[in-house]
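Structure first, commentary second.
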Amino acid sequence: MPDEPAPAANSAAMQSAEPDKAAAIRNSLALLLANSGVHVEASLPQFDGRSYKDLHVRWESSVASGQNTLIKQPGIGRFAVLSASKKSGSLPRARSLELSPNQLLAIAVDGKNSLRWWKLLLDPRLVRAEAPNANGDLQGEELYLTKVEFWVAIPDDPDIKEVRLYHPRWTGRDFQLELVSVLTVE
């Protein structure tokens, strides 16, 4: 049986892989955001982890009625920050950038449109339903709520001026980002 590398060697290999992974994520973000006017620096800022801001957000579809209903396409709508509260603790670090049409990409930018932070979120508007079809076989369907409230935790960084939400759309070859909303951070 071959000898296993010493723990220190494994640790060193993992540490050298992290900068490569961070660079790959940075390059992917730069490519995805190339047409959005967002500048992606060589490295993203690191935060102290002592506090973060929790944004309470409401999304309401332009087809919303008095009740919360389900629609087939998310369409356009209005996003509003209902509240922002400072919390103690740190945010988890994102270690991969694997997009899906069922997500939103949240990015935070400063006053010069430089990327300060990013995170993938499950699309809070999405509801999956299964129901039997005419033959009795279960058939899945994805629907979207016309009204939803959710939270986005961002770094407590005074340079962050906006949080932009993008919906990844698969073209059959690659992902393109569609801007869903821009939230002003105070």
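Not one N or O on the side chain of Arg26 forms a donor-acceptor pair closer than 3.5 Å with the backbone of Leu44. Judged by distance alone, with hydrogens and angles left aside, the side-chain atoms of Thr146 form no donor-acceptor pair with the main-chain N or O of Ser61 at under 3.5 Å.
Residues Leu145 and Leu70 meet the side-chain proximity criterion, which asks for heavy atoms closer than 4.5 Å. Side-chain contact between Val81 and Thr184: absent, with no pair of heavy atoms (C-beta onward) separated by less than 4.5 Å. Residues Arg164 and Val38 have side chains in contact (heavy-atom distance under 4.5 Å, counting atoms from C-beta outward). The shortest distance between side-chain heavy atoms of Ser114 and Val109 does not fall below 4.5 Å. By the 4.5 Å heavy-atom criterion applied to side chains, Tyr166 and Leu32 are not counted as neighbours. Taking 4.5 Å as the limit, some side-chain heavy atom of Asp156 sits within range of a side-chain heavy atom of Lys53. Residues Leu91 and Pro155 form a side-chain contact, since some pair of their non-hydrogen atoms from C-beta on lies under 4.5 Å apart. Between Phe175 and Pro101 the shortest side-chain heavy-atom distance falls below 4.5 Å.
Leu97 and Val40 end up in the same hydrophobic cluster when Ile, Leu, Val, Met, Phe, Trp and Tyr side chains are linked at under 4.5 Å. Leu82 is not connected to Tyr52 by any chain of hydrophobic side-chain contacts under 4.5 Å among Ile, Leu, Val, Met, Phe, Trp and Tyr, and they are in different clusters. Linking ILVMFWY residues whenever their side-chain heavy atoms come closer than 4.5 Å, directly or via other members, places Leu121 and Trp117 in the same cluster. Hydrophobic cluster membership differs between Leu122 and Leu126, with clusters built from Ile, Leu, Val, Met, Phe, Trp and Tyr side chains linked at under 4.5 angstrom.
With values rounded to the nearest 0.5 angstrom, Ile107 atom CD1 is found 12.0 Å from Ile154 atom CD1. If you take CD on Glu98 and OG on Ser28, they are separated by 10.5 Å, rounding to the nearest 0.5 Å. Between the CD atom of Glu162 and the CZ atom of Arg116 there is a distance of 14.0 Å, given to the nearest 0.5 Å. Going from atom OG1 of Thr69 over to atom CG of Leu143 covers 10.0 Å, rounded to the nearest 0.5 Å. Put simply, NE2 on His39 and NZ on Lys112 are 10.5 Å apart, with the number rounded to the nearest 0.5 Å. In this structure, NZ on Lys119 lies 11.5 Å from CG on Leu105, to the nearest 0.5 angstrom.
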Residues Leu104, His167; criterion side chain to side chain contact (heavy atoms under 4.5 Å, CB included); working and verdict
CA-CA 5 Å; Leu104 294 177; His167 183 250; 4.2 Å; yes

Run the side chain to side chain contact (heavy atoms under 4.5 Å, CB included) check on Val127 and Tyr144 step by step: do they pass?
CA-CA 6 Å; Val127 176; Tyr144 293 86; over 6 Å; no

Could you check Leu165 against Phe79 for side chain to side chain contact (heavy atoms under 4.5 Å, CB included), going step by step and ending with a plain yes or no?
CA-CA 10 Å; Leu165 299 173; Phe79 282 78; 3.8 Å; yes

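More than 12 heavy atoms of other residues, nucleotides or ligands shown are found within 6.0 angstrom of CG on Asn133.
Minimum heavy-atom separation, Trp118 to Ala94: CH2-CB, 3.4 Å. Shortest non-hydrogen contact noted between Ala106 and Val163 is CB-CG1, 4.4 Å. Considering every non-hydrogen atom in both Leu183 and Ser181, the closest pair reads CD2-OG, 3.8 Å. Shown here for Lys161 and Gly111, the closest heavy-atom pair between the two residues is CG-N, 3.6 Å. In terms of heavy atoms, Pro168 sits closest to Ser100 at CG-O, 3.5 Å. Contact detail for Leu55 and Ala84: the closest heavy-atom pair is CD2-CB, 3.6 Å.
Using a 4.0 Å cut-off between charged nitrogen and carboxylate oxygen, Lys72 and Glu141 count as a salt-bridge pair. By the 4.0 Å N-to-carboxylate-O rule, Arg125 lies close enough to Asp123 to be salt-bridged with it.
Ring geometry for His56 versus Trp151: interplanar angle under 30°, hence parallel rather than tilted (30 to 60°).
Listed by chain and number, the residues in a side chain to side chain contact (heavy atoms under 4.5 Å, CB included) with Ala34 amount to none (sequence neighbours excluded).
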